[in-house]
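Treat the numbers as computed from the prediction; the structure is a model and nothing was measured. Chain identifiers are assigned alphabetically (A, B, ...) following the order of the sequence lines, protein sequences preceding nucleic acid strands; residue numbering begins at 1 within each chain.
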Number of protein chains: 2
Amino acid sequence: MDKKETATTDTTEQRIFDAAHEVFVQKGLDGTKMQEIADRAGINKALLHYYYRSKEKLYEMVAKGVITRAIPVIRQTLESDLPLKEKIEAFIDFYINLISKNTFVPMFILGEVNKHPQYFVEHILPKDLPQPQKFLQQLEAEIAAGHIRPIRPEHLVVNIVSMCVFPFLAKPMAAIILGMPEEEIKAFLLERKTAVKDFVFAALRPDPTA
Amino acid sequence: MDKKETATTDTTEQRIFDAAHEVFVQKGLDGTKMQEIADRAGINKALLHYYYRSKEKLYEMVAKGVITRAIPVIRQTLESDLPLKEKIEAFIDFYINLISKNTFVPMFILGEVNKHPQYFVEHILPKDLPQPQKFLQQLEAEIAAGHIRPIRPEHLVVNIVSMCVFPFLAKPMAAIILGMPEEEIKAFLLERKTAVKDFVFAALRPDPTA
DNA sequence: GTCTATAAGCAGATAGAC
DNA sequence: GTCTATCTGCTTATAGAC
């Protein structure tokens, strides 16, 4: 988990980038020290500046990479032509899979947007974000047809995303409070895929009295 | 929102603490500069050290205050003797109310636990945390009695907390992505109380085929 | 108690040898 | 390309006047 999946070329430049990714994603821009990146990459600070001019530039590349990788997955599921139920299932599966492999990423994105919203909008975020309209229309149609219980679409989307993402954000907290060992927590988080699906579809069952 | 509700005595010491609270909660330990706290409190850096020895000490007091205020509310609802349905409603109401008045606090807690887990456990967290056991037992009883649809209790708790907290964490992100103006987002977040309740109770309806 | 001035330490960035 | 050594600037922290 949270390891480079591709390990591309193993040049120094790449090693630095990977090290930077690990640290930035966990500690954010302010919390990260160049020394720590250098240590993890097994080189010294001077080389960081040789390859990436400054701390901010390095951060920018890492952050862009994180966002850029996350976007297509979301777009794909939201904008696809699958029927609603399958779309929701696919979304939950994709989403939780993605996060499982990048545990710190949601925290990173949300935290950094909170702290440097201006900067994030101007330098990191891409212009064309996934549009949920299609999904929302689909949902309204199903409600009108009486196939599912009425619900304001935005709330459904927010509910689904919340249940997928939040447990990973709260993982360290939960580990402390519940005193759960790492392995138990991992197992629990894996169960989330079916748990969220069950919960959502249960909530969407049409009301027999209607 | 996010203003001191009591504004106790308005001594210098208090003004510093309040200023520190605002900044720390928004920017975290690393992102906060003593200068900014001093500016907001309308005094200079030297006084910060006069009243609170160091940045870390000041942070510690603020963080402890935040946690300490949040805990009893959670304990109260979880450990009360209300019947399950009312307990869930009370929990959602209390929780969303609490967060509405302290928008940055959940981000603060989760973010800081992520970045300094060791430090948090040792210095900030109190020893006696609220125990969800009673609630979990109550839930199991209701399931056994067939009053609600079977669900693993831990997942229900996680689902509820997720749906309450996450939208507030994602607020700045959502504002950017959806291009929603501040007012619209606030209105949406206010709807969450009933939205979450509806969703949860809909999901808990017993299955007619069972 | 509150200020100004300054010390001390750290982190980002550069120069220059190899 | 990679290193050591160094500079610069910023941030925390203290000394000392009022």
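Within the structure, every pair that satisfies the ring-ring contact (aromatic ring centres under 6.0 Å, His included) test and touches residues 110-133 of chain A, not counting sequence neighbours, is listed here: Tyr119(A)-His123(A). Evaluation of the ring-ring contact (aromatic ring centres under 6.0 Å, His included) test over residues 170-193 of chain B, restricted to residues two or more places apart or in two chains, returns His155(A)-Phe188(B).
Residues meeting the side-chain contact (heavy atoms from CB on, under 4.5 Å) test with Val157(A), sequence neighbours left out: Phe135(A), Leu136(A), Val161(A). Legend: residues meeting side-chain contact (heavy atoms from CB on, under 4.5 Å) with Ala170(A), ordered by chain and number and at least two apart, are Phe166(A), Leu110(B). Under the side-chain contact (heavy atoms from CB on, under 4.5 Å) criterion, Tyr50(A) pairs with Leu47(A), sequence neighbours left out.
In this structure, Ile43(A) reaches the sugar-phosphate backbone alone: every heavy-atom distance under 4.0 Å involves primed, P, OP1 or OP2 atoms, never a base.
Here dA13(D) presents its C1' atom at 17 Å from OH of Tyr52(B), a figure rounded to the nearest Å. Atom pair Lys27(B):NZ and dT11(D):P shows a separation of 11 Å (rounding to whole Å applied). Taking atom CG of Leu58(B) as the reference point, atom P of dT11(D) lies 17 Å away to the nearest angstrom. In this structure, Leu47(B) atom CG and dC3(C) atom C1' are separated by 8 Å, rounded to whole Å. Distance CG (Asp30(B)) to C1' (dC10(D)): 15 Å, rounded to an integer number of Å. Per the geometry, CG belonging to Leu48(A) stands 13 Å off C1' belonging to dC3(D), to the nearest Å.
For the pair Lys134(A) (side chain) and Asp81(A) (backbone), a donor-acceptor distance under 3.5 Å is absent.
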5' to 3', nucleotides 4-18 of chain C under a 4.0 Å protein heavy-atom cut-off (B base, S sugar-phosphate only, - none) gives B------SBBBB---

